[in-house]
Participant: 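Have a look at the structure that comes next, please.
What you see below is based on every heavy atom in this structure, not just the backbone, and it leaves out hydrogens, waters and symmetry mates. Numbers restart at 1 for each chain; the letters A, B, ... are given by sequence-line order, proteins then strands.
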There are 2 protein chains.
Amino acid sequence: MKWSVERRLEFLEFRLFWEGGVNRADLIEMFGVSVPQASKDLTLYQEKAPGNAFYDKSARRYVAGAGFRPVFLDPDPDAWLLRLRSAAEGFADAGANWLAAPPEADIALTPRRKVDTAALRGILAALREGASLEILYQSMSPARPDPVWRRISPHAFGYDGFRWHVRAWCHETGKFKDFLLPRVLDIGGRGAAGASGEQDRLWHDHFDIVITPHPKLSAGQQAVVARDYGMVDGRAALTTRYAMLFYVLKRLGLLEDARSRDPRTQHIVAESDAAVAAALRRANFEFDEAGQTGGGS
Amino acid sequence: MKWSVERRLEFLEFRLFWEGGVNRADLIEMFGVSVPQASKDLTLYQEKAPGNAFYDKSARRYVAGAGFRPVFLDPDPDAWLLRLRSAAEGFADAGANWLAAPPEADIALTPRRKVDTAALRGILAALREGASLEILYQSMSPARPDPVWRRISPHAFGYDGFRWHVRAWCHETGKFKDFLLPRVLDIGGRGAAGASGEQDRLWHDHFDIVITPHPKLSAGQQAVVARDYGMVDGRAALTTRYAMLFYVLKRLGLLEDARSRDPRTQHIVAESDAAVAAALRRANFEFDEAGQTGGGS
DNA sequence: GTCCGTATGTATAAAAACTATATGGGACCT
DNA sequence: AGGTCCCATATAGTTTTTATACATACGGAC
């Protein structure tokens, strides 16, 4: 079956499953096909997925049957929610995400400076070719209030839930560090790599954060939290790269003293604060020019 | 131009722009077209976007020219990063996001219980049709340790950065509240709506959170933070629905006393804590059965 | 009830897209 | 020099898609 036909059938199934129904007109609008072709696609879909689509004469469109069994689509709720998220964040021309009439949705966004297109392209090119690259970087270090040129050898990307950074060998300080993409203002010349990504121990080594429900919650509430986090016997382990540990702890609210915080907003605590503190020391997080960076090796 | 051809040209452009080059083989693998068709597409692309693609005989593939000007694609770095994010989160069969060889990437994830497919479908159907719905909901209220059936009239979705909730009229308490999707365990019968979304004042009214750099940062650091958040004269306003205020403040770290926290991790503070506190009271956030919910009207 | 607008479905011929197959050329490696 | 891998192009045949036309069904306005 042709790629374009398969995409149309997938679209049909998506609309049937999530949006309650589908029309010839939907196909025509989304793919620019002719009326007879849209009819053929609908007929073809019914052949390939019998029992899924029924024509509701009164509503004048096809609706999903009771025993709907997806054939072309992965019926993952998170996939649908991802489409809703990109719609709510204004990505893509509405419609490209296949949502017919997206429900009202809002996202707790925090506005951040845009990533520079040329900067990202340059970093990607250097990363692909295993080269180093000069960047004009705006650090947070009080010692360097203005952007300065520095050479890095990028090898990976990280996302803390708000912003992307690039994980790279810093030629100046001789460490692996995180550089926030929005703070890369310009790029300069390519050069030889300083160190390869395999040498970044903090990136490749992992630590298990063991979490439990906040002890100040009632037994019933603790049970709910345990289910939320998929805990077994009231414990769950989150395996994290040392290079990402700081960000994960921050997201989980475990960076500062979690036990003393209001359990109604802070649902979990670390089983052993000492183990977490030791792991953070191993990650050697300093608060320096990259905002938060992990130096090592 | 046909939809399928346009997608192929868009793909060509994407690979040229972000991934450094493209091949006939890439086209064949991604879309299942024949060898001559892939050649045609490449020729067609060069006609439509002259000067963008050049054949590198030594590398045996097309590479982007120096003065690349996208024709079929929005060259948005965030769009590329979104693809990387969905790849790193394991969405979609690798390749469906058009990344050739995704760089190593990690995301500070927090594992959460999956959303139930039938529950989301049921809520969507009720929302579309303006109906109410019975849900089996696991609340955090100590008074209700076990899941209970309750009737809601959903009208919108919200995302706090971790989890999705549905904003709905609660028939039981006569308030608009947030219900976390992962805690909806089952759905029951449809019914008449309780209140329409237009009556949800906390959803439709907005508040401006005015933020400034953390005063304990040095002047240079404050300038960097100001640029990060797009501040003018050291101030920026974030317009937020009252119904989302709690989540936004939590994400920004402004829920608890921000001024007393380490400015190296907490970069911003609210200009007026009193104004924020008043807005939170207006939002009438209570910590009850939905975890955090806003009741009102 | 009748008319109208808007759906759907299908039949036909014509156009367009695509495939299979074959041929030729250039660059690189052994 | 030969093999390999990639590109481009030509031809004929197949498949997909379009354009056009016509028949049917439902719901609401008159």
Side-chain angles (χ1 to χ4, degrees), chain A residues 1-16 19-65 71-72 95 100-101 128-129, chain B residues 1-16 19-65 68 72 100-101 128-130:
Chain A
M1 195 182 323
K2 282 275 187 339
W3 179 83
S4 55
V5 180
E6 194 157 343
R7 298 315 299 274
R8 293 205 299 269
L9 296 192
E10 187 186 347
F11 168 79
L12 280 180
E13 189 156 77
F14 180 87
R15 282 285 175 92
L16 280 171
E19 309 284 324
V22 73
N23 247 358
R24 278 201 313 198
D26 295 327
L27 272 176
I28 292 166
E29 189 190 0
M30 181 68 65
F31 298 97
V33 296
S34 65
V35 168
Q37 186 58 41
S39 274
K40 274 192 204 169
D41 287 341
L42 278 160
T43 309
L44 179 61
Y45 180 75
Q46 286 167 295
E47 274 175 33
K48 297 278 182 183
N52 276 5
F54 293 97
Y55 188 60
D56 180 337
K57 289 178 180 173
S58 150
R60 284 173 172 162
R61 55 194 217 135
Y62 287 86
V63 295
V71 174
F72 296 93
R128 261 196 314 271
E129 296 163 24
Chain B
M1 197 185 318
K2 283 278 192 331
W3 179 84
S4 55
V5 179
E6 195 158 342
R7 296 316 299 271
R8 293 204 300 268
L9 296 192
E10 188 186 346
F11 169 79
L12 281 179
E13 190 156 77
F14 181 88
R15 283 285 175 93
L16 280 171
E19 309 284 325
V22 73
N23 248 357
R24 282 200 309 197
D26 296 327
L27 224 35
I28 291 166
E29 187 190 1
M30 181 67 64
F31 298 98
V33 296
S34 65
V35 170
Q37 186 57 41
S39 275
K40 273 192 209 170
D41 287 341
L42 277 159
T43 308
L44 178 61
Y45 179 75
Q46 286 167 296
E47 274 174 33
K48 297 279 182 182
N52 277 4
F54 293 98
Y55 188 60
D56 180 337
K57 289 178 179 173
S58 151
R60 282 173 174 162
R61 56 193 216 135
Y62 286 86
V63 295
F68 192 96
F72 297 92
R128 260 197 314 273
E129 296 163 23

Participant: To the nearest Å, how far apart are B:Asn23 CG and D:dC7 P?
Facilitator: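 Rounded to whole Å, this separation is 5 Å.
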Participant: With B:Glu29, which residues qualify under side-chain contact (heavy atoms from CB on, under 4.5 Å), at least two apart?
Facilitator: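 Scan of B:Glu29 (side-chain contact (heavy atoms from CB on, under 4.5 Å), adjacent residues dropped) gives none.
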Participant: Nearest whole Å is fine: how far is D:dC7 C1' from B:Tyr45 OH?
Facilitator: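 These atoms are roughly 18 Å apart.
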Participant: Counting only non-hydrogen atoms, which of residues 7-14 of chain A are less than 4.0 Å from DNA chain D?
Facilitator: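 Close to the strand are A:Arg8.
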Participant: Is the ring pair A:Trp3/B:Phe31 parallel, tilted or perpendicular, if the boundaries are 30 and 60 degrees?
Facilitator: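 Correct class here is perpendicular.
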Participant: So, using side-chain hydrogen bond (donor to acceptor under 3.5 Å, both in side chains) as the criterion, who are the partners of A:Arg60 when residues are at least two apart?
Facilitator: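 side-chain hydrogen bond (donor to acceptor under 3.5 Å, both in side chains) list for A:Arg60, sorted by chain: empty.
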Participant: Kindly write out the residues that satisfy side-chain contact (heavy atoms from CB on, under 4.5 Å) with A:Lys2, not counting sequence neighbours, or none if the list is empty.
Facilitator: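 In terms of side-chain contact (heavy atoms from CB on, under 4.5 Å), with neighbours along the sequence ignored, A:Lys2 is linked to A:Ser4, A:Val5.
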Participant: Using whole Å, what does the distance between atom P of nucleotide C:dA17 and atom CD of B:Glu6 come to?
Facilitator: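 From B:Glu6 CD to C:dA17 P: 13 Å.
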Participant: Taking side-chain contact (heavy atoms from CB on, under 4.5 Å) as the test, write out the residues that go with A:Asn23, two or more places apart.
Facilitator: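 Here the qualifying residues are A:Ala25, A:Asp26, A:Arg61.
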Participant: Taking side-chain hydrogen bond (donor to acceptor under 3.5 Å, both in side chains) as the definition, give me every residue that meets it alongside B:Arg15, ordered by chain and number, with sequence neighbours left out.
Facilitator: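 With neighbours one apart ignored, the set is empty.
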Participant: State which residues pass side-chain hydrogen bond (donor to acceptor under 3.5 Å, both in side chains) with A:Ser34; sequence neighbours excluded, sorted by chain then number.
Facilitator: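 With sequence neighbours excluded, A:Ser34 shows a side-chain hydrogen bond (donor to acceptor under 3.5 Å, both in side chains) to no residue whatsoever.
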Participant: Using atom CG of B:Leu27 as one end and atom P of C:dC18 as the other, report the distance to the nearest whole Å.
Facilitator: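 Those two atoms, CG and P, are 11 Å apart.
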Participant: In the 5'-to-3' direction, what one-character label does each nucleotide of nucleotides 18-30 of chain D receive under the scheme B = base within less than 4.0 Å of a protein heavy atom, S = sugar-phosphate only, - = no such atom?
Facilitator: BBB----SBS---
Participant: Can you name the side-chain hydrogen bond (donor to acceptor under 3.5 Å, both in side chains) partners of A:Arg7, sequence neighbours left out?
Facilitator: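 A:Glu10.
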Participant: How long is the line joining CG of A:Leu42 and P of C:dT8, in whole Å?
Facilitator: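 Whole-Å distance recorded here is 8 Å.
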Participant: What's the closest nucleotide to the B:Tyr55 side chain, out of C:dA7, D:dT17, D:dC6?
Facilitator: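 Nearest listed nucleotide: D:dC6.
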Participant: How many whole angstroms separate atom CD1 of A:Ile28 from atom P of C:dT6?
Facilitator: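 Result: 14 Å.
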